[in-house]
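Let me begin by presenting the structure, written as structure tokens, before commenting on it.
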Amino acid sequence: MRVSNIISLSAIGASSVLAQDNVTGKLGDAAVITGNPIGKTAVATLPEEAFWKGGSLNGNVKGSVVAKSGPNGEGIDYEVSFSNLPQEGGPFIYHLHVAPVPEDGNCTSTLAHLDQYIRGEDPACDPARPQSCQQGDLSGKYGKIQSSEPFTAKFHDPYTSLKEGDGAYFGNRSLVFHFANKTRISCANFVVSGSNTTVPYPTGTGSIIKTSPAPTASPSVPVTNAGAMFNVVKNLAIAPVVAGFLALL
Ligand SMILES: *[C@@H]1O[C@H](CO)[C@@H](O)[C@H](O)[C@H]1NC(C)=O
Ligand SMILES: *[C@@H]1O[C@H](CO)[C@@H](O)[C@H](O)[C@H]1NC(C)=O
Ligand SMILES: *[C@@H]1O[C@H](CO)[C@@H](O)[C@H](O)[C@H]1NC(C)=O
Ligand SMILES: *[C@@H]1O[C@H](CO)[C@@H](O)[C@H](O)[C@H]1NC(C)=O
Ligand SMILES: *[C@@H]1O[C@H](CO)[C@@H](O)[C@H](O)[C@H]1NC(C)=O
Ligand SMILES: [Cu+2]
């Protein structure tokens, strides 16, 4: 790599670290959700037809977000898969949006991201502090969609809910898939299945009484995409050292 490239990379690294600061929502950091109904599932599947009517799209992006109550009802386990990605305009981003998609399929009507703590979109979510991000910013917290396909990801998010009545509940909301520039390509409503049975959490005691079948033994999956992004940040952070060393040669 040329020295000039390394120096410009290190400049980007420094400015993105500064921009991330320690932002959080006006109402603070997102709370960890407990008491999600065991076995409850919400699935959003992108429709046949795209909302975006531009070139560079062969039909619509295909894919879904499958969300299940986490182990013991804590947080949500997500399984994400997308394919038939546009030829350009990535990396793609996806979010839980606050309103559902209306009958006419207009993705603009889904409004903004699920953001109960009033954080806003800028500066960008720091995946090292997911509690400080908008709850609905799944790609911000767990990784954007690069163009290699199919894209699949599994992650555990502690801050979203399948318990009706919670502000963080998204079973009545929607998924939106965007270009990197935020233009909305496609959107879908979540379809909920499974019971409302909640594991009782007797406060102050460590015991949990299970009243329904035990949660499937899906372990909480490490957040590999966020880890990868973190490595990029770390690599950028050492770039000035490398540049300084090369300057001596
Ligand atoms: C953000 O950082 C500043 C300076 O380090 C500190 O004074 C402030 O309390 C921090 N805010 C939060 C919400 O952590
Ligand atoms: C967003 O990106 C897409 C794909 O590159 C492009 O076609 C579209 O014109 C862009 N929209 C805006 C508002 O820049
Ligand atoms: C979608 O809704 C927005 C806001 O109501 C409107 O401006 C836009 O024209 C609609 N788009 C389509 C394709 O109907
Ligand atoms: C979705 O459900 C939550 C919790 O029950 C509620 O606060 C919110 O207003 C609902 N949103 C929509 C768009 O129906
Ligand atoms: C879950 O609870 C909500 C609100 O009480 C109710 O509308 C819904 O029908 C329940 N679903 C099931 C499967 O029992
Ligand atoms: Cu979005």
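Whatever order the structure lists ligands and atoms in, that order sets their numbers, starting from 1.
- Here the N, O or S atom of H178 that is nearest to the Cu ion (ligand 6) is NE2.
- Taking a 6.0 Å sphere around CG of N84, one finds it holds more than 12 heavy atoms contributed by other residues, nucleotides or ligands.
- The nearest pair of heavy atoms linking K163 to T34 is NZ-O, 3.1 Å.
- In this structure the side chain of I145 never reaches within 4.5 angstrom of the side chain of I93, judged on heavy atoms.
- Using cut-offs of 30° and 60° on the angle between ring planes, the pair F82 and F151 is parallel.
- Note on residues 26-68: pairs passing ring pair (Phe, Tyr, Trp, His ring centres under 6.0 Å), not counting sequence neighbours, are W52-F179.
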Pick out the protein N or O atoms lying less than 3.5 Å from any N or O of ligand 4, and list each pair with its distance.
from: ligand 4; atom 1: 2 (O); to: N172; atom 2: ND2; distance (Å): 2.3
from: ligand 4; atom 1: 5 (O); to: G165; atom 2: N; distance (Å): 2.8
from: ligand 4; atom 1: 11 (N); to: N172; atom 2: ND2; distance (Å): 2.9
from: ligand 4; atom 1: 14 (O); to: N172; atom 2: ND2; distance (Å): 3.1

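- At least one N/O-N/O distance between N106 and ligand 3 falls below 3.5 Å.
- Annotation for R184 and V176: closest pair CG-CG1, 3.8 Å, computed over non-hydrogen atoms.
- Checked against the Cu ion (ligand 6), the N, O or S atom of H95 at the shortest distance is ND1.
- A salt bridge links K141 with D157: the distance from a Lys NZ or Arg NE/NH1/NH2 to an Asp or Glu carboxylate oxygen falls below 4.0 Å.
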